[in-house]
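Below is one structure, written out as structure tokens; comments come after it.
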2 protein chains.
Amino acid sequence: MTRVTGARERARTEIAESIKAEARRQLADAGAARLSLRAVARELGMVSSALYRYYPSRDDLLTALIIDAYDAVGSAAERAVAAAPAADPVVRWTAACHAVRRWALAHPHEYALIYGSPVPGYAAPEATTGPASRVARALIGVAEEAADSGLLAPAPFESADVLRDAEQLVRRLGMRLHPAAMARLTAAWAQLFGLVGFEVFGQFHDVVHAREEFFDRAAADLGRGIGLRSPAA
Amino acid sequence: MTRVTGARERARTEIAESIKAEARRQLADAGAARLSLRAVARELGMVSSALYRYYPSRDDLLTALIIDAYDAVGSAAERAVAAAPAADPVVRWTAACHAVRRWALAHPHEYALIYGSPVPGYAAPEATTGPASRVARALIGVAEEAADSGLLAPAPFESADVLRDAEQLVRRLGMRLHPAAMARLTAAWAQLFGLVGFEVFGQFHDVVHAREEFFDRAAADLGRGIGLRSPAA
DNA sequence: GTCTATAGCCAGATAGAC
DNA sequence: GTCTATCTGGCTATAGAC
């Protein structure tokens, strides 16, 4: 009995996965706002009503795609940090930034789904917030390790309100970075996605050609801007 | 004859403007990807085919909206710079940043149209590039004036490729900023829109509450990061 | 320049047979 | 769980009368 259920569950999961895969493909043609259950079903040789057994509505399919995308870019950042040399926080930071950029350039439509314009009429449910914070967590982790090694310059004064936000945030994420450093990091986090977004969305067209070099420099500056220091040789 | 033509032209322009105004209103409900000529026509009490006399296709209407949006945010930035005290480049820079942010928060859907996810199937024509550069020009102007007053710290070394891009860009815009400074400014320009975009698109939800203060601090840091200096008291 | 009418599509969602 | 069929809407774009 368990085995049969198991097989069924497996088949169900596989179909659900292939639906998401096809939907991801179609994000490129239609964008999130025009993602169509019918078109996905058509392409899979299913009939549209059959899809509703897997995703009760278009928004639920969107939510699944969003969670997957956040997880993908988050895990790319985490892996980049883990693979970078432990000794140099600036290098670790830059590695995380490059991982985000690489993932975004490789998956521009999924990037648009999570960091681009909100989809009209769609409100992201709570379930997306965890995955959405993975990149930030990876960056915070780099800063925390730097602080542990004495390689994080003390952050300058911030206003009480800004500090309160930062403190709340650190607590909610279960991390331990100093609030003033967290405030600066929050700004750098947003700025990182400014660099990535402009490249992915085409604002650098005819403006920046040496993009990898440009980004590398800007990302390192961002890291140093939040106080990360390389160890003395 | 001229007068009659003039009146006709005026009526035509007025109708074209009201079409754009209604389309802007509908961007909020539908987003750029689902903007519908029919819905616009309906709301104006016209029939859809009548709209084609003013905008030969949906994309042409989109282009008109995009140009207007770039012009609006660009002129907001220009006016902010003009209104800021001439003596302090950091203050002038920050004023431009706040103007961009204010415009974006007041017109989130138009912001999404120009700085958000590309509209699938739509390619912006050349005519948009001029208006699109107005914000950047305003920021560059601040840096140039700072340099004139000796209030722009020399930019550090950049790679040859990055410098070449920056030089080309300055030339194409008909400006005169030093290429190394331009390279830094390009990064700051993208980062500014990272801050603004995250706020407008909801990434700061439950993350940053003291948003104006947070932004003010980050924008000033950005300006100082590209080398702007306040005059000695 | 606006109208009616039409072609030729598309969508999300549900009912009910099998 | 998949199917057919259907409801109820939507769309861009064009033809041709007025």
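Here is the naming used below: chain letters follow the sequence lines, and residue numbers restart at 1 for every chain. Quantities reported herein were computed from a predicted structural model and do not represent experimental measurements.
Ring geometry for A:Y111 versus A:F201: interplanar angle over 60°, hence perpendicular rather than tilted (30 to 60°).
B:R58 has its CZ atom 17 Å from the P atom of C:dC10, to the nearest Å. For B:L35 and C:dC10, the CG to P distance is 21 Å, given to the nearest whole Å. A straight line from OH of B:Y52 to P of D:dT14 spans 7 Å, rounded to a whole angstrom. Rounded to a whole Å, the CG atom of A:L37 is 11 Å from the P atom of C:dT14. Here the C1' atom of nucleotide C:dG12 and the OH atom of A:Y122 are 17 Å apart, to the nearest Å. The nearest whole Å value for the distance from the CE atom in A:M46 to the P atom in D:dC3 is 7 Å.
Minimum atom distance to the side chain of B:R38 is reached by D:dC11, of the listed D:dC3, C:dA11, D:dC11. Among the nucleotides C:dT14, D:dA15, C:dA11, the one closest to any side-chain atom of A:A39 is C:dA11.
You won't find any donor-acceptor pair under 3.5 Å spanning the side chain of B:S57 and the base of D:dT12, going by distance alone. One N or O donor and one acceptor, one from the side chain of B:S49 and one from the base of C:dT4, sit under 3.5 Å apart. The base of D:dC11 lies outside donor-acceptor range of the side chain of B:S36, with no N or O pair under 3.5 Å.
Between B:Q26 and B:H109 there is no side-chain heavy-atom pair separated by less than 4.5 Å.
Contact annotation: A:Y55 side-chain N/O to C:dA13 OP1/OP2 distance is not under 4.0 Å. For B:R42 and D:dC11, the shortest distance from a side-chain N or O to OP1 or OP2 is below 4.0 Å.
For the pair A:R53 and B:Y54, both in contact range of DNA chain C, the more 5′-proximal nearest nucleotide belongs to B:Y54.
The closest side-chain donor-acceptor pair between B:T63 and B:D60, if any, does not fall under 3.5 angstrom.
Under a 4.0 Å N-O distance rule, the pair A:D29/A:R34 does not qualify as a salt bridge.
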